[in-house]
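When reading the values below, keep in mind they use all heavy atoms of this one structure, side chains included, and skip hydrogens, waters and symmetry mates.
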Amino acid sequence: MNDWPDGRWPRFPRPREDELFSSWLARLAIANGAKASLIATQTDLALGSNYLRSIDYIANESLLDCIAHRVGLSSAALWKTTLSDYLVHLSVIDTKRNQNLLLLGLIGFKKERFFLQYCPLCLRDSPHFRRLWRISSIVTCPVHGMVLHDRCSSCGAPINVFGNDEKDKRLPYQGEICICWNCGFDLKESPAVETSENMVKFSARIADATESGHLLLASSEWCYLGAFLLGIRQLTHALLKAQSTRYPGVMYDIDMLPLDIRFRLIEEVVDALSNLPDSFLRICQRWGITPYRLKTLERTSGPLPYWLSSKVSLCLVPRVVATNQAEVAHAIQVMRSRKLKVNPYSVSRFMGLYKSDVVDKYFAENLVNKVNVEQ
């Protein structure tokens, strides 16, 4: 390959609409009858081991400049294929890892997690993998209105665009980019299942916002995409907590969930956001999500973003509190009989309240007689 004139590769397909860098690199390898790993190492950059698994993240300016020179494209055109370009809009808080993107497998690139989704109808239109399919909140295709797949529908293997490349280290890339690396099934032939109009609109709003960085809420207010996705993460977390018996053993992180669970959760979230605050309260009542549970969730996932909390504040902090101090005294009596800890916070929680002025007043007035309250 180094003997080619001016260091150029003979064939260089242009990136397609919203194409992942890994998808384009695999197509470049196929076009030149070479291995993707060999093409990447021709840049003379120290990429480390197993770099292909995270190439969509680590493709930096130097790497893109080297490859762009060899294919006659601009670095800017290749940058638009990376997930790094997406990350500008996907998060509003600093975290140890990138949030809102399906998490790569940590051990065994092919087998640990299902980190890449696809729509078979999109693959029929143009056989390449889209960046949008890596976003964990996207579970339906905004173009065709179909449920996405996150694995081969024939053998159940995760999607890996470099899988065929890795079959035999002595051979160039074998097969097509849409062919399952494990069983040879054509992913374009996977079944297409329609979903609801509301789910499609939800995905379309996120897809549009990946370019602008903001979206229009149902209340005609503008919201940053990162803040919107933060609210989605916290609502799915609350739903998972409330349905722990339904989904035993799963991680409370939308980026690590299988597609079938994510789809059901997102479906409920879309319902919860359909007519705030009534729709939100309806979902909370259905699953027993109390204001206390939502406030407790802030300890692990942070407060609900303003675009959501401003609409559901009455649900989070009820205005209706204990009717009178007699109810508070009775609650304390019951708690004491069960040998529970008694203080304003625990009594409010026991009574299903987040904050109660009546409870606070009761404790303040009885401080002169602590025995009455604490014993």
L83 backbone acceptor or donor facing R134 side chain under 3.5 Å: no
side-chain contact (heavy atoms from CB on, under 4.5 Å) assessment of N98 paired with L90: CA-CA 9 Å; N98 300 319; L90 288 186; over 6 Å; no
pair L121-C141: side-chain heavy atoms closer than 4.5 Å: no
I55 side chain near L63 side chain, heavy-atom distance below 4.5 Å: yes
T140 side chain to S203 side chain, donor-acceptor N/O pair below 3.5 angstrom: yes
Between CG on residue L87 and CG on residue D85, distance to nearest 0.5 Å: 8.5 Å
Main-chain N/O of S346 paired with N343 side-chain donor or acceptor, under 3.5 Å: yes
Exercise: identify the closest heavy-atom pair between I177 and A26: CD1-CB, 4.1 Å
side-chain contact (heavy atoms from CB on, under 4.5 Å) between R14 and V71, worked out: CA-CA 9 Å; R14 293 186 175 275; V71 297; over 6 Å; no
F185 vs C155 side-chain heavy atoms within contact, under 4.5 Å: no
Heavy-atom closest contact (L132 atom, P142 atom, distance): CD2-CG, 3.8 Å
Close aromatic pair by centroid cut-off 6.0 Å: Y224 and H214: no
Shortest non-hydrogen contact from P191 toward P120: O-CG, 3.9 Å
R131 and D56: CA distance, side-chain angles, deciding distance, salt bridge (Lys or Arg N to Asp or Glu O under 4.0 Å) verdict: CA-CA 9 Å; R131 292 184 300 170; D56 293 317; over 6 Å; no
Between CG on residue L217 and CZ on residue R205, distance to nearest 0.5 Å: 6.0 Å
Smallest separation among heavy atoms of R124 and S190, with atom names: NH2-O, 3.7 Å
Any W133 side-chain heavy atom under 4.5 Å of C122 side chain: yes
Distance-only side-chain donor-acceptor flag, Y247 / R264, under 3.5 Å: yes
Closest approach of P127 to R16 (non-hydrogen atoms, all atoms of both residues): O-NH1, 3.3 Å
Heavy atoms from other residues, nucleotides or ligands near CZ of R246 exceed 12 (cutoff 6.0 Å): yes
pair F115-L101: side-chain heavy atoms closer than 4.5 Å: no
Linked, directly or transitively: V334 and F363 (ILVMFWY side chains, under 4.5 Å): yes
Side-chain donor or acceptor of W307 paired with backbone N/O of A227 under 3.5 Å: yes
Criterion side-chain hydrogen bond (donor to acceptor under 3.5 Å, both in side chains) on D253 and H237, from CA distance to verdict: CA-CA 7 Å; D253 188 333; H237 189 169; over 6 Å; no
side-chain contact (heavy atoms from CB on, under 4.5 Å) between I232 and F202, intermediate numbers included: CA-CA 11 Å; I232 303 305; F202 175 81; 4.0 Å; yes
Exam field: side chain R151 to backbone H149, donor-acceptor pair closer than 3.5 Å: no
Distance-minimising heavy-atom pair for P344 and V359: O-CG1, 3.7 Å
L225 side, atom CG; S212 side, atom OG - distance, nearest 0.5 Å: 8.0 Å
Joint cluster assignment, Y252 & I283, ILVMFWY side-chain distance < 4.5 Å: yes
Minimum side-chain heavy-atom gap L73-W24 below 4.5 Å: yes
Distance-only side-chain donor-acceptor flag, E61 / W79, under 3.5 Å: no
Q117 side chain to R262 side chain, donor-acceptor N/O pair below 3.5 angstrom: yes
Salt bridge E19-R27, side-chain N to carboxylate O under 4.0 Å: yes
With sequence neighbours excluded, residues passing side chain to side chain donor-acceptor pair (under 3.5 Å) with E221: S219, K311
Check: S75/D65 side-chain N/O donor and acceptor closer than 3.5 Å: yes
Criterion side-chain contact (heavy atoms from CB on, under 4.5 Å) on I67 and F21, from CA distance to verdict: CA-CA 11 Å; I67 295 182; F21 183 73; 3.8 Å; yes
T82 and Y57: side chain donor to acceptor below 3.5 Å: no
Hydrophobic cluster membership, V200 vs Y118, 4.5 Å side-chain cutoff: no
Donor-acceptor pair between N100 and S136 side chains, under 3.5 angstrom: no
Side-chain heavy atoms of I254 within contact of L240, under 4.5 Å: no
Carboxylate-amine/guanidinium proximity below 4.0 Å for D271 and R282: yes
Short side-chain donor-acceptor distance under 3.5 Å, D18 and Y86: yes
hydrophobic_cluster_shared for W287 and I261, side chain cutoff 4.5 Å: yes
Same apolar cluster (I L V M F W Y, side chains within < 4.5 Å links), M146/I206: no
Nearest-0.5 Å distance, CD of residue Q234 to CG of residue L304: 5.0 Å
Note, H128 side chain near R130 side chain (heavy atom, < 4.5 Å): yes
